[in-house]
Amino acid sequence: MEVPLLDLKAQYERIKDEIEAALLSVLETQRFILGENVSKFEEVLSRYVGVNYAVGVASGSDALLLSYMALGLGEGDEILTTPFTFFATAGSAARLGIKVVFADVREDTYNIDVDLIEERITHRTKAIVPVHIFGQPTDMDKIMDISAKTGIPVIEDAAQAIGASFKGKRVGSFGLVGCFSFFPSKNLGGYGDGGAVVTNDESLSELLRMLRVHGSSKRYYHEYVGINSRLDEIQAAVLLVKMRYIDMWNEERRSRARYYNLLFKEASLGEFVKTPLEMENCYHVYHQYVIRVKDRDRLQNFLAGMGISTQVYYPVPLHLQPCFRSWGYERGYCPIAEKLCEEVLALPIYPELSPKAQEYVVESIAKFYGKGV
Ligand SMILES: *Cc1c(COP(=O)(O)O)cnc(C)c1O
């Protein structure tokens, strides 16, 4: 049996007619940049997240880059984030000359350990950047407390967590700004790159709108040095269709996560496999279902041989990435993240994943550990 990590074709089959009509209507208008679909999508997204403004940009990485730019960060500044995240959280800061300081994560939720943040804040810290990793919200009560106490703004990296909520409030709406990615494999994915920044701050939203078009609000008059980073009409048209389904798809991901939990429990693999913890008060959207296992690399190879695709998010914590060598971090700086990088394995999860496929995945894992039937 073949079980892919993600099956976008299965999703396309469910929405084909709507997608094709939406794409054709963009082609008919021949308007590709900042037209009706983008403004409509910005409106729908801001309402969905529960904020006043959304600004569509070219990718999640640019959403972060533009947020750092809008806050005026650069050389001599620091941001504080988790080392256990996709590269862009830190990479988009490094491009501006910002130094990234990391606080270690919790091994049960994979999110930043909010109790370790304060000790790594310095007088240069200009933003705290929680990442809702794999679709699980970070403890935003504690983060917002620290922000209120120190006056340091929060930029949420919600690239993996559209629709997730903490105590009933959607992620992206807690911080000064929230960043989303519509990379095709994300829970809400376009048919190419895309992203958005959301905020309740009107002047910040206007600044972001200018920065995405080379810092101008009136064509050919430039108040700032911005970049070219827009969500395009084709992506917005696709995303508008998919927005109608996002809650249903997130629910389907959650029910598949619950089924994995049950199957693992029944297989009595506790000694070898730790399933992901869902925090109380959190609505986790399972962008990934990530387990911690013994003998990870051999298990991954074994599963590949059984036709099951898995992935390691992430093999190297950001503080140990070669390109960040000049910051001088060494092994031991964030020991939990370092350990997770050797234990984590993301299993196939997507709304169309069948119970049979899930059973096959867990049976195969049981077999690897000699617990097979
Ligand atoms: C995907 C992702 C990004 C970047 O998004 P792109 O659209 O691929 O540029 C940033 N942060 C996290 C946590 C992500 O998962």
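First listed ligand is number 1; within each ligand, the first listed atom is number 1. Residue numbers count from 1 along this sequence.
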Checking Arg106 now: which residues fulfil salt bridge (Lys or Arg N to Asp or Glu O under 4.0 Å) with it, not counting sequence neighbours? Asp108
For Tyr333, is the NZ or CZ atom of Arg120 found under 6.0 angstrom from the centre of its six-membered ring and inside 45 degrees of the ring axis? yes
By salt bridge (Lys or Arg N to Asp or Glu O under 4.0 Å), Glu359 pairs with (sequence neighbours left out) none
Ligand 1 polar-atom proximity to protein (N/O, under 3.5 Å):
{"unit_1": "ligand 1", "atom_1": "5 (O)", "unit_2": "Ser181", "atom_2": "OG", "d": "3.2"}
{"unit_1": "ligand 1", "atom_1": "7 (O)", "unit_2": "Gly60", "atom_2": "N", "d": "2.8"}
{"unit_1": "ligand 1", "atom_1": "7 (O)", "unit_2": "Ser181", "atom_2": "OG", "d": "2.7"}
{"unit_1": "ligand 1", "atom_1": "9 (O)", "unit_2": "Gly60", "atom_2": "N", "d": "3.4"}
{"unit_1": "ligand 1", "atom_1": "9 (O)", "unit_2": "Ser61", "atom_2": "N", "d": "2.8"}
{"unit_1": "ligand 1", "atom_1": "9 (O)", "unit_2": "Ser61", "atom_2": "OG", "d": "2.5"}
{"unit_1": "ligand 1", "atom_1": "11 (N)", "unit_2": "Asp157", "atom_2": "OD1", "d": "3.3"}
{"unit_1": "ligand 1", "atom_1": "11 (N)", "unit_2": "Asp157", "atom_2": "OD2", "d": "2.8"}
{"unit_1": "ligand 1", "atom_1": "15 (O)", "unit_2": "Gln160", "atom_2": "NE2", "d": "2.8"}
{"unit_1": "ligand 1", "atom_1": "15 (O)", "unit_2": "Lys186", "atom_2": "NZ", "d": "3.1"}

Less than 4.0 Å between a side-chain N and a carboxylate O, is that true for Glu363 and Lys367? no
Applying salt bridge (Lys or Arg N to Asp or Glu O under 4.0 Å) to Arg124 and not counting sequence neighbours gives none
Given Glu278, which of Arg258, Gln136, Arg254 fulfils the side chain to side chain donor-acceptor pair (under 3.5 Å) condition? Arg254
